[in-house]
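Taking it in order: structure first as structure tokens, then the write-up.
Counting starts at 1 for both ligands and their atoms, following the listed order.
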Amino acid sequence: METLQTAKKSLDHKTEVSIGENIVCGGKQLLIIAGPCAVESEEQIDACGAALSKVPVQALRGGVFKPRTSPYAFQGLGEAGVSILKNAGNRYGMPVVAEVMSAEQLKIAVDSFDVLQIGSRNMQNFELLKAVSHTRKPVLLKRGLAATVDEFLMAAEYIMAGGNTQVILCERGIRSFDSHTRNVLDLGAVVSLKQLTHLPVIVDPSHAAGRSELVADLARAAVACGADGVMIECHPQPLKSVSDARQALSLDEMSELIYSLSLVASAVGRTVQTSRTGPWAGGQLTEKIIVS
Ligand code: PEP
Ligand code: MN
């Protein structure tokens, strides 16, 4: 495709996306993002931050503007949620990742979020892509529910064409004829994207699987096939999650998963990042980690 100028150029030089002060995505170290589907309350996010900051999770996620299929479903806490998330990030020294669905929400959130997530449903919202392209914040661009790899790359191109080169691609499963899993995790696309572009590629196994018991194995498979990181939904009381309850890991399950991810990472020449300030700063992952 002749217009793919930015995403494909300089393949010999991989783009490393900087998040917060000392997190990098796209280098040897994996980026692990975890947190609930939605920010529900200060207590809920605080419990997540307290547990996840004890293990090598580099960034805290939580939606405050939620794209819900039904207009009657919980739409997120909105502006009130922005400060709840940001304060938890500050309290636990973790950068925060959250979705924006419009240019108006971007104005409210741009100074508070460390990574701007563009959700699957908005991958081809070109005005939104242009709006984030004018910021200098890292963008986590999720693949559309039924987007081809070329369309995905073109969406990334919109962001880079506007001057923001800090783009992380995220495979989160695509629609297929089979609804056995919520979506079909396209790891072939992950391998291909790594060969086609210089951008980091991460995987969200939670929205792909739709069921918590599938998430850990898919996360390990993602790391094994070369993903630069994973984003995983977890919750202090998974079955009480107001959205996506069925796919949420408990905080203990999330923490245990990191140990096995670190083993797979070392098998493929990667490491789990332990440089974030906190109890794990510079620490060694030598044994199973359980959040106390
Ligand atoms: C999310 O990450 O909260 C989300 C809504 O994901 P997706 O856009 O992939 O459905
Ligand atoms: Mn979700």
Side-chain angles (χ1 to χ4, degrees), residues 31-40 44-45 48 57 59-71 73-78 81-82 85 95-102 105-106 109 113-125 128-129 132 138-147 151-152 155-156 159 167-176 179 181-187 189-190 193 201-212 214-215 218-219 222 227 229-250 254:
L31 173 68
I32 302 175
I33 304 170
C37 180
V39 173
E40 298 167 13
Q44 172 233 24
I45 285 292
C48 292
V57 166
L60 183 63
R61 67 149 283 151
V64 300
F65 306 112
K66 293 302 300 175
R68 303 306 300 282
T69 302
S70 164
F74 175 63
Q75 302 285 308
L77 292 181
V82 175
L85 182 64
V96 297
V97 182
E99 177 166 357
V100 288
M101 297 192 292
S102 68
Q105 292 173 357
L106 178 63
F113 297 165
D114 299 286
V115 178
L116 302 167
Q117 179 174 321
I118 302 294
S120 227
R121 290 155 192 81
N122 280 303
M123 188 204 82
Q124 284 187 317
N125 179 339
L128 181 59
L129 298 177
V132 296
V139 177
L140 176 58
L141 178 66
K142 297 189 95 176
R143 182 178 180 184
L145 315 178
E151 287 165 343
F152 192 16
I159 301 167
V167 180
I168 300 170
L169 302 172
C170 180
E171 160 61 31
R172 46 77 73 203
I174 48 174
R175 285 269 168 86
S176 91
S179 57
T181 55
R182 184 178 181 183
N183 291 289
V184 173
L185 184 59
D186 188 359
L187 292 181
V190 173
L193 284 165
V201 182
I202 71 166
V203 168
D204 168 355
S206 304
H207 290 88
R211 297 205 299 281
S212 57
L214 304 178
V215 169
L218 292 178
V230 289
M231 178 160 79
I232 294 172
E233 287 187 347
C234 54
H235 192 283
Q237 295 173 283
L239 293 177
K240 294 202 171 152
S241 305
V242 296
S243 57
D244 288 348
R246 191 60 189 83
Q247 69 198 32
L249 298 188
S250 70
M254 181 66 223

Please determine, by modelled atom types, if His207 and Asp244 share a side-chain donor-acceptor pair under 3.5 angstrom. yes
OG/Ser206 to CZ/Arg182 distance, rounded to the nearest 0.5 angstrom? 9.5 Å
Do you know which N/O/S atom name in His207 is closest to the Mn ion (ligand 2)? NE2
Name the closest protein heavy atom to atom 4 (C) of ligand 1, giving the residue it belongs to and the distance to 0.1 Å. His207 NE2, 3.5 Å
So the atoms of ligand 1 within less than 4.0 Å of a heavy atom of Gly119 turn out to be 8 (O)
Does Arg143 reach ligand 1, in the sense of a heavy atom lying below 4.0 Å from it? no
Quick one: nearest non-hydrogen protein atom to atom 6 (O) of ligand 1, plus distance? Lys142 NZ, 2.9 Å
Please report the interatomic distance OG1(Thr181) to CG(Leu218), rounded to the nearest 0.5 Å. 8.0 Å
At what distance is the nearest protein heavy atom to atom 9 (O) of ligand 1, and which residue and atom is it? Arg172 NE, 2.6 Å
Is any side-chain N of the basic residue among Glu233 and Arg61 closer than 4.0 Å to the acidic one's carboxylate O? yes
Can you give me the closest heavy-atom contact between Val97 and Ala59, atom names plus distance? CG2-CB, 3.9 Å
Cys37 SG and Glu233 OE2 subtending at the Mn ion (ligand 2) (10° steps): 100°
Quick one: which ligand 1 atoms are inside 4.0 Å of a heavy atom on Arg61? 1 (C), 2 (O), 3 (O)
For the residue pair Val100 and Leu128, what are the closest heavy atoms and their distance? O-CD2, 3.6 Å
Checking the N or O distance criterion of under 3.5 Å, is ligand 1 in contact with Glu99? no
Among all the protein's non-hydrogen atoms, which is closest to atom 8 (O) of ligand 1, and how far away is it? Ser120 N, 2.8 Å
Got an N/O contact under 3.5 Å between Asp204 and ligand 1? no
Say you draw a straight line from NZ of Lys240 to NE2 of His235; how long is it, rounded to the nearest 0.5 Å? 9.5 Å
The Mn ion (ligand 2) is nearest to which N, O or S atom of Asp244? OD2
Can you name the nearest heavy-atom pair linking Ser212 to Leu249, along with the distance? O-CD2, 3.6 Å
